[in-house]
Amino acid sequence: MTMRFFNTYSRQIEQFEPRNPAERAIGVYTCGPTVYSRAHIGNFRAYIFEDLLQRHLELRGYKVHRVMNITDVDDKTIRGAREAGIPLVKFTEQFKQAFFEDAETLRIKRADEFPCATDQRYIDKMIAMIGALISKGLAYQADDKSVYFRINKFPNYGKLAHFDLTQLQSTGRVKHDEYDKEHIGDFALWKAWDEEDGDVKWDSPWGPGRPGWHIECSAMATALLGDQIDIHCGGVDNIFPHHEAEIAQSEGVTGKKFVGYWLHCAHLLVDGQKMAKSLGNFYTVPDVLAKGYTGRELRYALLRVHYRVPLNFTWEGMNEARESLARIDEWLGRLRAVAKKENAQRSTPNAQRPIEKSDFENALDDDLNISAALGFLFESIRETNRAMDENKLDPGAAKGWLDWWQRINTVLDVEPQAEVVVPPEVAQLANERENARRERNWKRSDELREQISALGWEVRDTKDGSRLTGRGAS
RNA sequence: GGCGGGGUAGCCAAGUGGUAAGGUCGCGGUCUGCAAAACCGCUAUUCGCGGGUUCGAUUCCCGCCCCCGCCUCCA
């Protein structure tokens, strides 16, 4: 039951061996949002993958110390604040809040820490790291007053992305200050202040300015997790240059291997293309909620596909998620009803008791194979439903299955929130319908069922009377 | 051009050197006043294409095609 992860660094599945196996303590760093606008659901796919990772590690008994940074200063946030005519702090604050709201909607477990790049504590750390890099000859201040990392002095640069530096081509996406840098691939550690930055600036030995994006993660990761961390995650688009740069900076300063396992998740696609702000083809969490879907439905839709496989977002997929969850909800409801029976007639339980069942966790051990894990869940659902149909599942077994569910749901977290209260008018209609049915007035009964359905509720006639189910429980 | 990821049923998606999990959708059946839910059955002779290795390949090897991404501040 050792875990295996696909390590981007080696491009291979590796056995997971934490640095501190005795205490089962693990440091995990996850790249968080840049708060210049509301994060889209593609961003959240990455955070959900990291959530799954953390929850599974915890299910396996590891104590996870997870850090997620928030980038609250960069070109885009500065531009946004300027255009909005408000201070940077005020501008970013709204998107920080939105991020936490959306994360909560998606039931993403909070990281232990959410360091912000503008925190003076980390600015100081960044300045110290840059100073160390300069003294080691790994960085230099150019004529434009900015400080750059000298990639030619770091032999391993390009190893994570498997890039041959001589082959680097500009995509034209980013402007290069080619006159100032020694090498086109040298990246900014400290960006010298210019007029467009307004009052956004910090003092440093190299003059006023602000940190580069990459150094911020190196500083916060090492400040909070130490020089060496077990797992570092992000989207595949972070591999280069961001994570490559983080390695160069961190290892350049400490001389120690920065990260044990690099895990990257594939993109969320729309119409077969990457979901991105720049392409304008994105949805936010509120967009999806506005279509009538719930947070847990979106969570499930983003969670159910293996993290290294590109996932095409569609409304059909959202419906599949809804139906799959309804199946789980229904199953849980039946199990609870059976578990409550005091003296169910003793019958031979032919449904295996799940106490020893570990297929679900074992599947997740294998590089978070969620599809296989869910496959086992649904097989179990069919198996126990069959047993309940045949009245062959005794209350003890039902309780066992509920315990099993509780365990795996610490990873999935897709159970509906507390029972939704039936609105009085729906209850009234249901009551009338019961009366109509007693009088065998089927026409009236069906009309009432229609009305109830129009209000978003489903009525089902069972042996024990009618039951109401709200559609799309949150 | 370089470096990755992916191509399995209408759609989504696991998987193994021995003949294809699961979800969703559709169809038929059991149950039901009718439904719904649940269960049962059907739905890929086939896993992008072409070779090769093998008794046997979707799985290993070689070549090719297609889709997506990264190539210096995108999760």
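Letters A, B, ... mirror the listed sequences (proteins, then strands); counts begin at 1.
A cation-pi arrangement is absent between Arg150(A) and Tyr157(A), since the terminal nitrogen or guanidinium carbon is not both under 6.0 Å from the aromatic centre and inside a 45° cone about the axis. Arg79(A) forms no cation-pi arrangement with Tyr36(A), by the criterion of a distance under 6.0 Å to the ring centre and an angle within 45° of the ring axis.
Remark: G26(B) base-pairs with C42(B); criterion is Watson-Crick or G-U wobble with both hydrogen-bond distances under 3.5 Å. Checking G4(B) for Watson-Crick or G-U wobble geometry (two distances, each under 3.5 Å) identifies C68(B) as its partner. Summarising the base pairing, A14(B) is matched to no nucleotide, lacking a Watson-Crick or G-U wobble pair whose two defining distances lie under 3.5 Å.
Applying the side chain to side chain donor-acceptor pair (under 3.5 Å) criterion to Lys145(A), with sequence neighbours excluded, gives no partner residue.
Distance check on atom P: C49(B) versus U58(B) gives 10 Å, rounded to whole Å.
For the pair Phe187(A) CZ and U72(B) P, the interatomic distance rounds to 14 Å; values are reported in whole Å. One interatomic measurement links the two molecules: CG of Asn369(A) to P of A14(B), which rounds to 7 Å at whole-angstrom precision.
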- Item | side-chain hydrogen bond (donor to acceptor under 3.5 Å, both in side chains) between His56(A) and Asp365(A), worked out | CA-CA 8 Å; His56(A) 181 57; Asp365(A) 281 348; 2.7 Å; yes

- Glu458(A) and Thr469(A): side-chain hydrogen bond (donor to acceptor under 3.5 Å, both in side chains), yes or no, with the steps? CA-CA 5 Å; Glu458(A) 220 169 315; Thr469(A) 322; 6.0 Å; no

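The side chain of Arg382(A) has C39(B) as its nearest neighbour among U72(B), A37(B), C39(B). Taking only side-chain atoms of Glu323(A), from C-beta outward, the nucleotide of A13(B), U24(B), G69(B) with the closest atom is U24(B).
The nearest heavy atom of RNA chain B to Gly272(A) and to Gly212(A) marks one nucleotide each, and the one closer to the 5' end goes with Gly272(A).
Residue-nucleotide stacking is present for Trp442(A) and G33(B), judged by a side-chain ring centre under 5.5 Å from the six-membered base ring centre and planes under 30° apart.
Distances shorter than 4.0 Å separate some side-chain N or O of Arg327(A) from OP1 or OP2 on G23(B).
In this structure, Arg467(A) does not pair ionically with Asp461(A), as no charged nitrogen and carboxylate oxygen lie closer than 4.0 Å.
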- nucleotides 4-11 of chain B: protein proximity per nucleotide (B base, S sugar-phosphate only, - neither; heavy atom, under 4.0 Å): SS----BB

